[in-house]
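When a ligand or atom number is given, it counts from 1 through the structure's own listing order. It should be emphasised that the depicted structure is a prediction, and the values quoted were computed from it without experimental measurement.
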Amino acid sequence: MYEEEKKMIMPNNLGRQYSLHAGEYKKKVCEVLDSGWYILGEEVEAFERQWAEYLGSKYCVGLASGLDALWISFRLLDIGAGDEVIVCANAYIACVMGITMNGAVPVFVEPDQYDNIDADKIEEKITEKTRAILAVHLYGQACDMTKIMDLAQRYNLRVVEDCAQSHGSRWQGRILGTFGDVGCFSFYPSKGCGAFGDAGCIVTDDQKLAEKFRIFRNYGSEKRYHNKMVGSNSRLDEIQAGLLRVKLSHLDEFNQERCRIAEKYYEGIRNPLVIFPRIRPGADSTWHQFVVHVPVYRDAFMEYLREKDIGTLIHYPIPPHLSEAYACLGHKRGDFPIAERYADEVLSLPMYNGMTEEEQNIVIEAVNSFRAG
Ligand SMILES: *Cc1c(COP(=O)(O)O)cnc(C)c1O
C-alpha cells in the first residue's frame with residue numbers, strides 16, 4: 001500500500017493520483033499478465049485507436065518514450081545533418097536532443113510572456129537551411145498555432161508538435177497534436193496521461209508516415225525477420241498501453257481537477273512578489289505545471305516554502321543553450337536574455353490530482369505570507 005511522507009506537500013504526488021483509481025489499475029495489470037501476450041498486442045492496438053479518437057487524429061503509433069517520438073519524427077521526416085529546426089529557447093532539454101540526435105541544428109527563439117515560443121520572432125530566424133518548427137506546448141498551454149502554421153505554409157516548413165505537457169489542451173478549440181505534420185506525446189508518469197513507466201506515441205493524419213513509424217519502432221520490420229529499413233526498438237508495451245487506456249478514461253476529469261486547483265490559486269494568491277502564469281487568448285491550459293514568475297528573491301522564496309514543508313520545482317533552471325551538453329553549439333550567456341531570465345525566476349507550485357483543499361490552502365497561505373528580504 002502506498003503511504004505518503006507525513007505532512008510534506010510535494011510538487012507532484014503520483015501516489016495520490018494512483019490511489020484515486022488503484023483498483024482499476026491493478027485489475028488491468030492482472031488482465032495483461034494473465035493474457036500471456038506482452039509486446040505489440042491488443043492493448044497497444046486499442047490504446048492507439050482510442051488516443052487517435054480522443055484527439056481526432058487519423059493515426060496513432062505507440063512508442064517507448066517522448067524523446068523517441070521526437071527524434072524518430074525528425075528522422076522519418078528526413079531532417080538531419082545540415083538542417084535547422086526552430087525551437088523555443090526555454091524548452092526542456094529532450095526537445096533539443098530530439099533535434100540533435102539526427103544531426104540537425106536547433107535554432108533557438110525567445111519565449112514570450114506566455115512562456116511559449118514568441119511566434120513573432122520566428123521569421124527572422126528562418127534561413128535556407130530551416131526545415132521545421134518544433135512547437136513545444138510548455139506547462140500545458142498551447143503555442144500560437146495560427147501564426148506557426150501560417151509561417152510553415154509560407155516557408156514550406158514541417159511542423160512537429162511536442163505535446164508532452166499538454167495532453168488534451170486546445171488552441172482555438174482544436175486539440176493540440178492535430179495541427180502539425182506529427183504530434184509527439186510522452187507518457188512519462190508525471191505527464192497528464194501518465195503511464196507507470198516510460199511510454200510515448202505520435203499522432204498524424206499521414207497514412208504513409210504512420211506506417212513508417214510502425215515499421216521503424218520494431219527494427220524496421222513489418223513481417224518478423226524481414227527488415228525493410230534500419231529502425232530501432234521503440235515499442236510501447238502491453239502493460240503500459242493497458243494502464244494508459246485506464247488513465248485516458250479519466251483524463252478529462254484529471255484535467256478539470258487541475259483547472260480547479262489553478263483557479264483556486266488565482267483567487268487565493270495575493271503577493272506582489274509573485275507573477276501569475278499568463279494564458280494566451282485562444283489558448284487553454286491543462287496545467288501540467290502551475291508556473292509563477294518570481295523576478296526577485298525566487299530562491300529565497302523556494303527555500304521559505306521548503307521550510308514550511310512545501311516542495312516546489314524549477315522548470316527549468318538551465319536553458320538548453322547554456323547546458324554543458326550543448327557547449328558544442330557555441331552559445332554563451334546573453335544570447336537569449338529572456339529565456340535566461342525566465343530560468344532565474346520561474347517556480348512551479350504544487351499541482352497534482354488528488355490534492356486536497358486543505359493542501360491548496362496551506363500553499364496559498366504560505367505563498368501569501370512570504371515577504372521580501
Ligand atoms: C517529458 C518531456 C519530453 C520527453 O519525454 P520522455 O518520455 O521523458 O522521453 C519531451 N518534451 C517535453 C516538453 C517533455 O515535457
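Under a cutoff of 6.0 Å and an axis angle of 45°, K121 and F108 do not form a cation-pi pair. Note that R174 lies in the cation-pi zone of F179, set by a 6.0 Å cut-off to the ring centre and a 45° limit from the axis.
For ligand 1, the atoms sitting less than 4.0 Å from at least one non-hydrogen atom of G66 are 5 (O), 6 (P), 7 (O), 9 (O), numbered in the order shown with element in parentheses. The ligand atoms of ligand 1 that sit less than 4.0 angstrom from a heavy atom of A94 are 3 (C), 4 (C), 10 (C). Near C95, meaning under 4.0 Å from one of its heavy atoms, ligand 1 places the atoms 11 (N), 13 (C). Atoms of ligand 1 found under 4.0 Å from any heavy atom of L67, numbered from 1 in the order shown, are 4 (C), 5 (O), 6 (P), 9 (O).
Looking at Y188 next to ligand 1, no N or O pair under 3.5 Å apart turns up.
Side-chain rings of Y139 and W287 stay apart, their centers remaining 6.0 Å or farther from each other. Here the two rings, on W71 and F216, have centers that are under 6.0 Å apart. Between H167 and F185, the distance from one ring center to the other falls under 6.0 angstrom. Note: F276 and H293 fail the aromatic proximity criterion, with ring centroids not under 6.0 Å apart.
With hydrogens left out, the protein atom closest to atom 7 (O) of ligand 1 is S186 OG, 2.6 Å, a heavy atom. Protein heavy atom closest to atom 14 (C) of ligand 1, with residue, atom name and distance, is K191 NZ, 3.1 Å.
Residue H137 places every heavy atom at 4.0 Å or more from ligand 1.
Residue contacts with ligand 1 for D162 involve side-chain atoms from C-beta outward but no N, CA, C or O (heavy atoms, distance under 4.0 Å).
Here the rule is salt bridge (Lys or Arg N to Asp or Glu O under 4.0 Å) with R217, and of E222, E211, E48 only E48 fits it.
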